[in-house]
There are 2 protein chains.
Amino acid sequence: MTYLEAMSDSSLAHSALPAWAEHGVPASSSPSSLDQHLSSGAVRVVKAREHIFTAGDARTHVHRVESGAVCLYKIMPDGRRQVIDFAFPGDFIGLGCEQEYTLNAQALEPVRLKCIPAGTLSRMASRDPSLGLKLYEAMSRELAAAQDHLFTIGQRSAAERLACFLLALSRRNARQGRNPALIVLPMTRSDIADFLGLTIETISRTLTKLRSAKVIDLEQCTLVRIINTALLERLAAGEASI
Amino acid sequence: MTYLEAMSDSSLAHSALPAWAEHGVPASSSPSSLDQHLSSGAVRVVKAREHIFTAGDARTHVHRVESGAVCLYKIMPDGRRQVIDFAFPGDFIGLGCEQEYTLNAQALEPVRLKCIPAGTLSRMASRDPSLGLKLYEAMSRELAAAQDHLFTIGQRSAAERLACFLLALSRRNARQGRNPALIVLPMTRSDIADFLGLTIETISRTLTKLRSAKVIDLEQCTLVRIINTALLERLAAGEASI
DNA sequence: CGACTAATTGATCCAGTTCAATTCATGTGG
DNA sequence: CCACATGAATTGAACTGGATCAATTAGTCG
């Protein structure tokens with residue numbers, strides 16, 4: 001995996017549980033007590049556009065997305081918003097050691113979640129060292145993703161940012177055994193803009209440019225087909241422009 | 001602490017060990033086996049401008065800064081660089097679960113570090129659940145910092161970014177019992193620019209504007225005195241402009 | 001169908017970049 | 001101790017990528 005693949009890859013990759021297994025440490029007891037807990041745990045269903053939690057709420061639960069997509073964002077009093085990440089099935093949201101949630105989590109479409117009380121998790125972790133390490137690894141992966149995203153927003157052009165974004169979604173598809181060339185966008189242009197530190201107009205114009213350059217096809221405004229993956233990758237790497 | 005204070009605050013705050021104590025969980029054995037290890041651990045001295053480690057190096061050690069300042073950055077083949085964070089005495093660097101370092105760590109001035117082999121740390125953590133949780137909390141704090149930084153770079157103007165940066169350094173001084181109005185900058189304009197996603201010229205011009213507006217005084221180019229903290233805070237919050 | 005929201009496209013503007021000199025600071029050797 | 005070299009910082013002038021403002025146009029849902 002190249003430097004840039006790793007970079008873009010993790011920029012949308014949350015701490016999916018399957019990934020943990022690959023980094024397993026000698027387990028003290030059950031290798032997946034968290035899994036067990038979640039499998040038998042409480043289910044929560046949230047309607048499209050509704051919030052799962054809000055920054056400042058007491059951090060009562062940790063959630064795992066079962067179906068649907070979630071937008072995680074921060075917002076300023078004056079309305080400026082930064083989308084920190086999008087979460088998809090398999091991703092955890094609400095992890096962290098703070099007393100309160102530090103992000104807002106909004107369902108982009110109808111979402112089904114599994115929940116575990118935060119207290120239960122920390123009680124389990126204070127008994128089972130392998131769980132603590134798994135949490136550490138999960139956070140470490142999220143940190144790597146945030147740092148890559150930081151690089152993207154701090155240094156890349158609009159076209160490069162969008163190329164990274166599309167490639168990250170494409171690679172997620174590939175990992176899940178879905179078509180990496182066909183990308184469904186459950187989020188609006190506004191969500192993408194606030195994720196990439198751009199405006200909706202720039203997102204729209206840049207998508208049009210990518211289409212004109214035959215890099216992608218916009219079958220619907222929520223459906224992107226990647227035509228020229230190689231060029232998209234060179235764009236993301238700053239080795240090409242459109 | 002206001003929303004914005006929290007935001008700027010953590011944007012330069014690393015996982016300083018003292019902070020861990022405040023979030024302690026019922027310890028299984030010793031509350032600070034890591035501390036003990038580090039106190040008696042190996043010391044490493046690095047000259048100014050030299051690298052402590054490079055992205056891609058095998059992640060052999062975790063380090064704690066004892067004295068001096070460190071710049072953590074990512075870089076692209078074409079030279080574009082993003083400074084991810086600065087580390088100061090008390091901060092840990094090299095934490096994470098990856099096999100290799102994902103960042104470059106460069107000494108900004110002569111640096112003294114305490115080192116612990118990565119293997120030793122993970123062995124300790126797989127026995128002591130409280131250590132795993134502490135690592136989890138440390139990463140969680142770093143993640144919060146990275147997410148705040150993301151917001152700053154994605155949404156704020158040059159003056160707002162610089163105000164956030166100076167306030168973060170000021171608050172670090174305050175936490176350490178030093179003068180919060182007198183800020184020593186061990187990093188160059190170029191480091192600050194690459195941290196904030198701007199250019200050296202913009203940093204220089206914006207510092208000049210802040211001086212003209214009597215918000216700060218530039219006693220030397222490495223020495224900033226905050227004259228009007230309230231205005232600097234309103235700038236960082238986007239409630240004022242210069 | 002009609003009302004509403006999301007997306008696209010066009011025209012203009014501007015914050016921050018780029019390019020180009022100076023000026024300042026810090027060594028360093030004669 | 002000074003003169004000169006070198007890299008860092010500042011300042012100026014011109015440019016530009018992306019923002020802003022302003023219409024359309026395309027979906028979507030009662």
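Just so you know, these numbers come straight off a predicted model, no measurement behind them. Residue numbers begin at 1 in each chain, while the letters A, B, ... track the order of the sequences.
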For this session: Using side chain to side chain donor-acceptor pair (under 3.5 Å) as the criterion, list what pairs up with R81(B), not counting sequence neighbours.
Result: D191(B), D194(B)
Problem set entry | For T199(B), side-chain contact (heavy atoms from CB on, under 4.5 Å) partners two or more places apart | E201(B), T202(B)
Seminar exercise, completed: chain B vs DNA chain C, heavy-atom contacts under 4.0 Å, first-to-last nucleotide span, 5' to 3', is dG16(C) to dC19(C)
Problem set entry | Rounded distance [0.5 Å steps], CG in L167(A) versus CG in L235(A) | 9.0 Å
Taking only distance into account, with no hydrogens and no angle test, what donor-acceptor pairs under 3.5 Å do side-chain atoms of residues 210-226 of chain A form with protein atoms, sequence neighbours excluded?
unit_1: S212(A); atom_1: OG; unit_2: T208(A); atom_2: O; d: 2.8
unit_1: E219(A); atom_1: OE2; unit_2: R225(A); atom_2: NE; d: 2.4
unit_1: E219(A); atom_1: OE2; unit_2: R225(A); atom_2: NH2; d: 3.3

For this session: Name all residues meeting the side chain to side chain donor-acceptor pair (under 3.5 Å) criterion together with E50(A); count only those two or more places apart in sequence or in a different chain, and write none if there are none.
Result: none
Exercise. Could you go step by step and tell me if M139(B) and L95(B) meet the side chain to side chain contact (heavy atoms under 4.5 Å, CB included) rule?
Worked result: CA-CA 8 Å; M139(B) 290 312 266; L95(B) 282 174; 3.9 Å; yes
For this session: For Q147(B), check side chain to side chain donor-acceptor pair (under 3.5 Å) against everything at least two apart and list the hits.
Result: none
Using atom types as modelled, flag every donor-acceptor pair under 3.5 Å from a side chain in residues 106-116 of chain B to any protein atom, sequence neighbours excluded.
unit_1: Q106(B); atom_1: NE2; unit_2: R49(B); atom_2: O; d: 3.0
unit_1: E109(B); atom_1: OE2; unit_2: A69(B); atom_2: N; d: 3.0
unit_1: K114(B); atom_1: NZ; unit_2: L38(B); atom_2: O; d: 3.3
unit_1: K114(B); atom_1: NZ; unit_2: S39(B); atom_2: O; d: 2.6

Problem set entry | Between the first and last five pairs of the helix from dC1(C)-dG30(D) to dG30(C)-dC1(D), the angle of the axes, rounded to 10 degrees | 40°
Problem set entry | Test side-chain contact (heavy atoms from CB on, under 4.5 Å) applied to N173(A) - qualifying residues, sequence neighbours left out | R178(A), I183(A)
Exercise. Rounded to the nearest 0.5 Å, what separation is found between the CZ atom of F195(A) and the CZ atom of R161(A)?
Worked result: 11.5 Å
Problem set entry | Members of residues 104-112 of chain B that approach DNA chain D, where some heavy atom sits under 4.0 Å away | none
Exercise. For Y101(A), what residues pass the ring pair (Phe, Tyr, Trp, His ring centres under 6.0 Å) criterion, not counting sequence neighbours?
Worked result: F53(A)
For this session: Look at E160(A) together with R80(B) and state whether they make a salt bridge at an N to O cut-off of under 4.0 Å.
Result: yes
For this session: Rounded off to whole Å, could you give me the CG-to-C1' distance for the L185(B) and dA8(D) pair?
Result: 13 Å
Seminar exercise, completed: Heavy-atom contacts, protein to nucleotides 10-27 of chain D, under 4.0 Å, summarised as B (base), S (sugar-phosphate only) or - (none) per nt, yield BBBB----SSBB------
